[in-house]
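Nothing here was measured: the structure is a model prediction, and the numbers come from that model. First the proteins, then the strands, lettered A, B, ... as listed; each starts at 1.
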Amino acid sequence: MANFRVSEWRKLPVSLAELCIDTTLRCGQSFRWKKLRDDEWSCALHGRILSLRQDSTHVHYRTTRSNILYPPSPPSSARSSAVTPNAEDEETEALLKHYFNLTPNLTAMYEQWSSVDSNFKKRAPKFTGIRILKQDAWEALVGFICSSNNNIIRISQMVNNLCLHYGPLVGHIDDQAFHDFPPPEALTGPGVESHLRELGFGYRAAYIAKTAKIVANEKPDGWLQNLCNPEPYDPNPDQKPLPEGGREGYREAHEELLQLQGVGPKVADCVCLMGLGWGEAVPVDTHVWQIAQRDYGFGKGKHKSLTKATYDAIGDRFRQLWGKEAGWSQSILFAANLRTFSERVATKIEVDVDEVKIKQEDGTIVESKVVVKRQYVVDEVKEEPDDDKASIIDIETSRSQRAKRRRA
DNA sequence: ATCATACCTCCATT
DNA sequence: AAATGGAGGTATG
């Protein structure tokens with residue numbers, strides 16, 4: 001195992017309210033992180049494996065690198081790495097801060113959204129620390145092309161398969177291979193589409209192959225990166241309201257992305273938000289559509305179904321409500337609505353006991369007790385539980401001790 | 001503009 | 001056990 005070297009653990013002070021890596025890495029933004037050991041997440045990024053743990057006060061991180069590709073620093077600087085951070089550690093910390101987008105004050109943002117939106121205030125407390133990642137735009141693009149008509153488990157399998165077959169090997173942890181995400185040029189070959197089909201990508205195989213060719217061959221160098229939001233994060237945003245439909249740069253990036261194969265409005269917004277730094281991008285998928293109907297009055301009148309017009313109207317409504325970082329707020333409500341996290345949603349169990357008389361074929365009547373247990377999602381805004389949202393979790397039927405017998 | 005349909009595959013549910 | 005529907009949609013008519 002001399003081929004790889006593992007750095008010391010280092011730590012960065014971060015509260016769980018500012019970043020919860022478990023929720024952030026499981027909420028469907030990124031598809032490559034693996035939880036190998038208890039509470040330790042790892043992912044290949046920029047030629048190294050980054051591993052993370054978190055406690056209530058810090059994020060702990062370390063890297064695993066290949067000695068062959070990334071030889072150790074000279075002895076002069078390797079000496080005191082435990083006390084004095086060397087260049088590699090500095091670089092890793094910078095990567096961590098960048099990837100997890102740690103500059104914005106998330107606690108203040110939650111407070112702001114809570115003060116203007118009672119629904120957010122109600123649902124967010126169990127989903128704190130969710131940040132929008134600054135992922136590589138190309139990786140986000142391919143990942144979300146894979147997401148159409150798909151579920152997070154399979155998307156992750158597909159993306160991992162893509163990296164395994166087309167991405168450079170970065171290292172191993174416990175015999176688990178970690179590959180970096182393949183650049184567009186790696187996916188332009190003639191056999192890519194059919195190979196991806198064999199790998200189970202379905203109709204998305206063609207989308208990825210075509211999009212890779214467009215990006216690598218038809219667009220100028222740096223085309224995708226240049227769609228990034230150039231503005232640094234501003235903790236004291238100016239008073240001028242966000243333009244209807246978002247800033248010009250966002251609208252342009254969205255429009256450009258729509259030219260690609262397999263990229264519609266939703267995928268384009270995912271890339272804008274999570275890969276290009278446009279906080280006002282609001283991807284409206286089936287979950288957000290459900291949320292918009294349930295909590296924000298959509299699904300009736302003019303916006304009965306999720307047409308393009310409705311899609312845009314939902315984005316505009318959320319931007320108007322939550323502002324420049326509407327996409328962040330949307331993602332928090334999205335996570336709160338995921339089945340993956342349903343155990344966090346407060347539930348209430350209601351038990352009904354009914355006496356039932358059952359007349360049997362032979363004329364005898366049997367008295368039975370039917371116990372029905374229903375589970376509700378507790379809704380603190382509406383006191384009344386919705387019957388249509390209750391799910392029956394258990395029914396017991398017991399015949400009473402002495403069944404009364406009568407003549408027919 | 002809106003609507004309907006096909007598209008790959010996997011999985012849970014019926 | 002075979003059928004159905006849904007999964008973080010998009011392209012086409």
Side-chain angles (χ1 to χ4, degrees), chain A residues 23-33 127 130 132-133 135 139-162 192-212 214 254-275 281-295 298-316 318 326-342 391-393 395:
Chain A
T23 316
T24 300
L25 296 180
R26 290 200 301 140
C27 72
Q29 288 193 65
S30 57
F31 305 104
R32 277 192 317 128
W33 287 86
F127 296 88
I130 299 178
I132 294 298
L133 301 172
Q135 301 183 73
E139 174 175 350
L141 175 57
V142 175
F144 288 110
I145 286 175
C146 292
S147 77
S148 77
N149 236 309
N150 210 345
N151 58 68
I152 294 177
I153 305 285
R154 186 156 82 112
I155 300 164
S156 303
Q157 287 167 353
M158 287 161 61
V159 169
N160 274 308
N161 250 175
L162 188 72
V192 171
E193 178 180 341
S194 58
H195 185 210
L196 292 181
R197 272 191 180 271
E198 286 167 23
L199 291 175
F201 280 65
Y203 58 85
R204 303 162 198 88
Y207 292 161
I208 292 169
K210 285 176 188 164
T211 292
I214 295 173
H254 190 271
E255 196 179 307
E256 289 284 308
L257 290 169
L258 289 181
Q259 301 169 7
L260 303 169
Q261 278 297 303
V263 181
K266 187 267 177 184
V267 170
D269 273 328
C270 285
V271 177
C272 282
L273 179 63
M274 298 160 204
V282 176
V284 180
D285 56 30
T286 57
H287 289 271
V288 176
W289 172 230
Q290 283 172 21
I291 292 167
Q293 293 175 87
R294 185 190 63 196
D295 302 329
F298 286 86
K300 301 175 266 202
K302 191 177 184 310
H303 302 300
K304 205 168 170 61
S305 65
L306 186 49
T307 62
K308 183 71 175 83
T310 304
Y311 185 102
D312 292 340
I314 293 171
D316 285 335
F318 286 176
W328 290 56
S329 186
Q330 172 268 5
S331 299
I332 292 153
L333 293 186
F334 171 84
N337 212 49
L338 277 182
R339 246 204 342 258
T340 322
F341 299 127
S342 59
S391 59
I392 296 170
I393 57 173
I395 299 177

Does some side-chain heavy atom of A:Phe341 sit less than 4.5 Å from a side-chain heavy atom of A:Arg26? yes

Any side-chain heavy-atom pair of A:Gln259 and A:Glu256 under 4.5 Å: yes

Same-atom distance (P) from C:dG8 to B:dA6, integer angstrom: 23 Å

Heavy-atom pair with the smallest gap, counting every atom of A:Leu257 and A:Ala268: CD1-O, 3.7 Å

I'd like to know if the side chain of A:Tyr311 and the backbone of A:Pro265 have a donor-acceptor N/O pair within less than 3.5 Å. yes

Filtered N/O pairs between nucleotides 3-5 of chain C and protein, under 3.5 Å:
none

Note: A:Glu193-A:Lys210 ion pair, threshold 4.0 Å (strictly below): no

Report, as a single string ordered 5' to 3', how protein heavy atoms within less than 4.0 Å touch nucleotides 8-13 of chain C: B base, S sugar-phosphate only, - not at all. BBBS--

Can you tell me how far the CH2 atom of A:Trp328 sits from the CG atom of A:Leu333, to the nearest 0.5 Å? 15.0 Å

When all nucleic acid strands are considered with a 4.0 Å heavy-atom cut-off, which category describes A:Arg197: base, sugar-phosphate, or nothing? sugar-phosphate

Verdict with supporting geometry, A:Asp285 and A:Phe334, side chain to side chain contact (heavy atoms under 4.5 Å, CB included): CA-CA 9 Å; A:Asp285 56 30; A:Phe334 171 84; 3.2 Å; yes

Expressed in whole Å, how much space separates the P atoms belonging to C:dT4 and B:dT5? 15 Å

Flag yes if more than 12 heavy atoms outside A:Lys304 fall under 6.0 Å of its NZ atom; otherwise flag no. no

Range on DNA chain B touched by chain A, heavy atoms, distance below 4.0 Å: B:dT2 to B:dC10

Do A:Asn149 and A:Arg204 touch side chain to side chain, with heavy atoms closer than 4.5 Å? yes

Answer yes or no: does atom CG of A:Leu258 have more than 12 heavy-atom neighbours from other residues, nucleotides or ligands under 6.0 Å? yes

With sequence neighbours excluded, tell me which residues meet ring pair (Phe, Tyr, Trp, His ring centres under 6.0 Å) with A:Phe318. A:Tyr296, A:Trp322

Return one dot-bracket line describing DNA chain C 5' to 3' (Watson-Crick or G-U wobble pairs, both distances under 3.5 Å; ( ) same strand, [ ] crossing, | another strand, . none). .||||||.|||||

Tell me which residues in residues 307-316 of chain A put a heavy atom below 4.0 Å from DNA chain B, sorted by number, or none. A:Thr307, A:Ala309

Are side-chain heavy atoms of A:Met158 and A:Arg154 found at a separation under 4.5 Å? yes

Taking the P atom in each of C:dG6 and B:dA4, what is the distance between them to the nearest angstrom? 15 Å

On a heavy-atom basis, which atom in A:Ser331 and which in A:Leu273 lie closest, and how many Å separate them? OG-CD2, 3.8 Å

Is the distance from the ring center of A:Phe31 to that of A:Phe144 below 6.0 Å? yes

Residue pair A:Cys146 / A:Ile208: nearest heavy atoms and the distance that separates them: SG-CD1, 3.7 Å

